There are 2 protein chains.
Amino acid sequence: MKRQIDTTLESISKQLNVSISTVSRVLNGKSKKYRISKKTTDLILKTAQQLDYIPNQLARGLRLKMTNTIGLIIPDIANPFFAKIASLIEKSARDNGFSVIVSDSEEKTEVEISSLQTLTSRKIDGIIISPVGGQSKHLASIKNRNIPIVTIDRQCLDLELPFVGSDNFKGAFTAVNYLVKNGHTRIAIIQGIKNTSVNIDRVNGYIEALKENSISIDKRLIVGENFGEGNGYVEASLLLNIEKRPTAIFATGNLISLGALRAIYEKKLRIPEDISIISFDDQPYSSYLATPMTTVAQPNHEIASIAFRLLMDCIETNKTMEPYKILLPTKFIIRDSVAKITTH
Amino acid sequence: MKRQIDTTLESISKQLNVSISTVSRVLNGKSKKYRISKKTTDLILKTAQQLDYIPNQLARGLRLKMTNTIGLIIPDIANPFFAKIASLIEKSARDNGFSVIVSDSEEKTEVEISSLQTLTSRKIDGIIISPVGGQSKHLASIKNRNIPIVTIDRQCLDLELPFVGSDNFKGAFTAVNYLVKNGHTRIAIIQGIKNTSVNIDRVNGYIEALKENSISIDKRLIVGENFGEGNGYVEASLLLNIEKRPTAIFATGNLISLGALRAIYEKKLRIPEDISIISFDDQPYSSYLATPMTTVAQPNHEIASIAFRLLMDCIETNKTMEPYKILLPTKFIIRDSVAKITTH
DNA sequence: TATAGTTGCACAATCGTTTGCGCAATTATA
DNA sequence: TATAATTGCGCAAACGATTGTGCAACTATA
């Protein structure tokens with residue numbers, strides 16, 4: 001079955017016996033600039049409509065070196081935190097006449113590298129990425145090609161790139177400090193991927209809160225290795241089994257806390273009577289959990305909209321990007337998952 | 001700041017004093033077919049590598065009429081049901097060398113129409129869409145242009161298009177029948193968007209289950225108008241206020257049930273003692289809710305992978321699509337949100 | 001030593017746009 | 001009635017790739 005031939009500038013031009021350029025100019029609204037008569041203009045407009053002309057953006061992009069497309073690379077589209085951000089960015093993009101090619105890096109550097117490759121081969125005008133972390137040569141290469149790029153959620157540590165994200169240090173500090181103020185001293189943290197900036201900042205916030213309250217750091221309580229549900233489950237299970245069980249768990253991500261819940265309930269423990277928990281990332285369901293969960297909410301709207309604006313600025317001005325680092329405040333939402341412990 | 005010049009076939013060809021075609025053929029692995037000597041081949045390969053050549057997919061796409069890109073249009077990327085599907089489809093696509101342009105239609109036909117336009121202007125090779133419903137002229141137009149398209153989750157009612165989704169009728173029937181078997185007779189349903197196939201099927205499943213159990217249909221118990229959290233909240237609030245309150249609520253989507261929970265807890269009611277609830281869409285958190293929720297789980301993995309395979313088949317064979325309708329079974333997951341009612 | 005076959009590559013058209021420049025025809029000015 | 005200015009539009013190059021065809025030079029065959 002043959003694909004039927006699309007309407008092109010040429011087909012319109014032939015039908016009307018005018019040149020392709022004239023058609024192009026009219027359809028781009030440049031009639032006055034190029035002094036195309038009203039008669040011709042109207043005629044072209046009408047037939048374009050009739051023939052249902054849709055410009056070929058490949059040809060346009062090739063000629064114009066501009067595709068009105070951006071790339072979005074995130075580590076896990078299904079993670080509600082990223083899903084929300086993706087949806088917000090897509091909307092901003094759409095409102096500005098941009099399409100977005102989404103790519104899930106699955107927390108793997110190789111995937112990130114190859115996605116970056118396909119994106120540049122597709123001549124996207126800019127990239128928003130939450131990098132996997134670790135290596136950054138491939139990001140440096142993007143920067144060198146002068147492709148506008150902004151990082152979100154996770155910063156690139158050894159490369160100056162514009163960044164928009166939460167103040168993870170403060171967010172974690174506040175949460176852990178709250179636990180301490182409620183009498184907790186044995187507080188565990190289940191971390192995400194170790195060499196990501198988010199994780200480093202959250203762990204540091206945890207450590208600093210303990211230090212400031214003169215609580216010694218117990219390395220056995222700093223566990224975990226990725227942001228998945230499975231990690232939360234495994235680590236929480238282990239934590240609940242150690243001799244002197246922690247009285248509180250600080251989960252550094254929404255999937256981690258879900259896994260922790262699974263472990264906790266599997267052991268028939270109660271929250272917060274038997275164990276307290278605080279999670280990073282507030283979710284729509286957080287209030288409706290068996291024990292409404294105390295969380296550190298991230299400003300996803302702001303992250304998405306600022307990141308997009310930064311990118312647009314750079315695309316439009318075509319300047320080399322200022323490596324802004326924008327840290328947005330988190331919001332600490334107190335619910336019922338933390339017990340007040342009274343020691344004596 | 002000028003964007004630096006990319007490496008092209010031409011720049012390589014000039015550097016080596018060979019023709020562009022030779023470079024092209026070598027880089028496409030067609031050396032033997034076109035009898036390019038090993039010496040030339042190796043040389044070209046090497047310099048391409050050195051110069052970090054990345055093919056321009058716009059040019060390729062223009063010439064080849066094939067972009068290795070598909071479009072994905074869904075009504076709400078942030079809805080975890082769609083987020084999961086999007087992530088699965090993106091992965092399949094990536095594994096097959098395809099990129100995906102994602103577009104959120106926000107449940108609005110106009111947005112859907114314009115997204116379809118941009119997608120076709122970008123010359124995507126195929127489309128996976130969960131249509132808003134209502135109109136379908138724009139989808140017919142896609143079909144007429146012979147652009148491969150498959151619908152997921154929601155069928156197009158007045159247009160023959162391949163479809164992959166859950167057996168919503170049975171899913172709803174099972175759920176409501178379960179409520180009845182547990183002694184419920186006043187069962188409310190909070191529906192989503194009325195003219196979507198998903199919704200129609202779920203409501204019909206509800207009605208049929210009642211009929212089969214000789215329970216008369218009370219129209220005041222069939223409420224709601226979209227799949228959002230707000231709708232769930234509003235309708236549940238109203239339902240809880242009517243004189244003879246229903247004993248059970250069947251929420252036809254995960255966000256709806258979240259809104260219902262908000263309404264229920266706001267009124268200090270208990271689940272299931274005061275009111276039972278069943279929700280469509282199982283979610284990772286469903287077991288950890290204040291009352292673990294009984295749900296109708298949809299096979300998102302299968303939906304995503306089958307839809308993608310269908311699309312690929314069509315793209316590769318370039319045949320006109322068979323309008324397959326694939327209905328996948330749902331899974332009824334019983335937890336604690338339904339009370340057994342004993343009347344006498 | 002002609003002729004045929006093979007090897008190794010280049011030419012040029014094509015995909016659908018955009019845009020600087022040029023040029024005829026028309027109108028305005030002197 | 002010449003000349004100048006304006007109006008209205010077409011030509012052709014360029015963007016970067018792919019591919020059918022052609023054509024030298026070289027090797028093999030008779």
Side-chain angles (χ1 to χ4, degrees), chain A residues 2-45 48 51-69 118 120-123 125, chain B residues 2-45 48 51-69 120-123 125 145:
Chain A
K2 302 268 183 53
R3 178 143 318 169
Q4 79 191 55
I5 295 305
D6 291 319
T7 300
T8 65
L9 292 185
E10 196 187 10
S11 52
I12 298 180
S13 83
K14 277 192 175 153
Q15 182 156 133
L16 296 180
N17 269 318
V18 294
S19 76
I20 294 182
S21 13
T22 302
V23 180
S24 168
R25 301 199 240 247
V26 167
L27 294 181
N28 283 312
K30 300 185 177 169
S31 287
K32 301 126 241 206
K33 181 179 173 196
Y34 286 100
R35 301 180 310 236
I36 313 291
S37 68
K38 177 147 176 34
K39 204 178 102 189
T40 315
T41 299
D42 289 347
L43 208 56
I44 290 176
L45 251 23
L51 299 181
D52 192 13
Y53 171 73
I54 297 182
N56 183 326
Q57 295 295 347
L58 297 180
R60 262 189 124 239
L62 183 58
R63 179 65 230 252
L64 260 26
K65 295 185 165 311
M66 168 77 167
T67 54
N68 281 265
T69 306
T118 32
T120 80
S121 78
R122 284 182 154 74
K123 301 295 162 186
D125 299 328
Chain B
K2 302 268 181 54
R3 179 141 320 169
Q4 78 192 55
I5 296 304
D6 290 320
T7 301
T8 66
L9 291 186
E10 195 187 10
S11 52
I12 298 180
S13 83
K14 277 192 176 153
Q15 183 158 128
L16 297 180
N17 269 316
V18 294
S19 76
I20 294 181
S21 16
T22 301
V23 180
S24 168
R25 300 200 238 247
V26 167
L27 295 181
N28 283 311
K30 299 186 178 169
S31 288
K32 300 125 243 208
K33 180 179 173 194
Y34 285 101
R35 301 182 309 237
I36 314 292
S37 68
K38 177 147 177 33
K39 203 178 103 187
T40 315
T41 300
D42 290 347
L43 207 57
I44 291 177
L45 252 23
L51 299 181
D52 192 13
Y53 171 73
I54 297 183
N56 183 325
Q57 296 294 347
L58 297 180
R60 262 189 123 238
L62 184 57
R63 178 67 230 253
L64 260 25
K65 296 188 166 311
M66 168 77 168
T67 54
N68 281 267
T69 306
T120 80
S121 78
R122 286 182 154 75
K123 301 296 164 185
D125 300 327
R145 284 173 188 271

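Chain letters run A, B, ... following the sequence lines, proteins first and then strands; every chain starts at 1. Since this is a predicted model, take the numbers as computed values, not measurements.
- Between the CG atom of B:L62 and the P atom of D:dC15 there is a distance of 14 Å, rounded to whole Å.
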Between protein and nucleotides 20-26 of chain D, what N or O pairs are separated by less than 3.5 Å?
unit_1, atom_1, unit_2, atom_2, d
D:dG20, OP2, B:Y34, OH, 3.2
D:dG20, O6, B:R25, NH1, 3.3
D:dG20, O6, B:R25, NH2, 2.8

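- A:T41 meets the side-chain contact (heavy atoms from CB on, under 4.5 Å) test with A:V26, A:S31, A:I36, A:L45; sequence neighbours excluded.
- No side-chain donor-acceptor contact under 3.5 Å links B:N28 to the backbone of B:K30.
- In this structure, the nucleotide among C:dT19, C:dC9, D:dC9 sitting nearest to the side chain of A:K30 is C:dT19.
- Contacts of B:T120 classified as side-chain contact (heavy atoms from CB on, under 4.5 Å), with partners at least two apart in sequence or in another chain: A:I54, B:I142, B:I147.
- Within the 4.0 angstrom heavy-atom criterion, base atoms lie near A:S24.
- Separating the CG atom of B:D6 from the P atom of D:dC15 is a distance of 12 Å, rounded to the nearest angstrom.
- Taking atom CD1 on B:I20 and atom C1' on C:dA13, their separation rounds to 13 Å, with Å as the unit.
- Under a 3.5 Å cut-off, the side chain of B:T67 and the backbone N or O of B:G61 do not form any donor-acceptor pair.
- Of the listed nucleotides (C:dT17, D:dG16, C:dC9), D:dG16 has the atom at the smallest distance from the side chain of B:N56.
- Using a 3.5 Å distance cut-off with no hydrogens or angles, the side chains of B:T22 and B:S19 do pair a donor with an acceptor.
- Here D:dA14 presents its P atom at 17 Å from CG of A:L64, a figure rounded to the nearest Å.
- Position along DNA chain C of the nearest nucleotide to B:K38 versus A:T22 favours B:K38 as the more 5'-ward residue.
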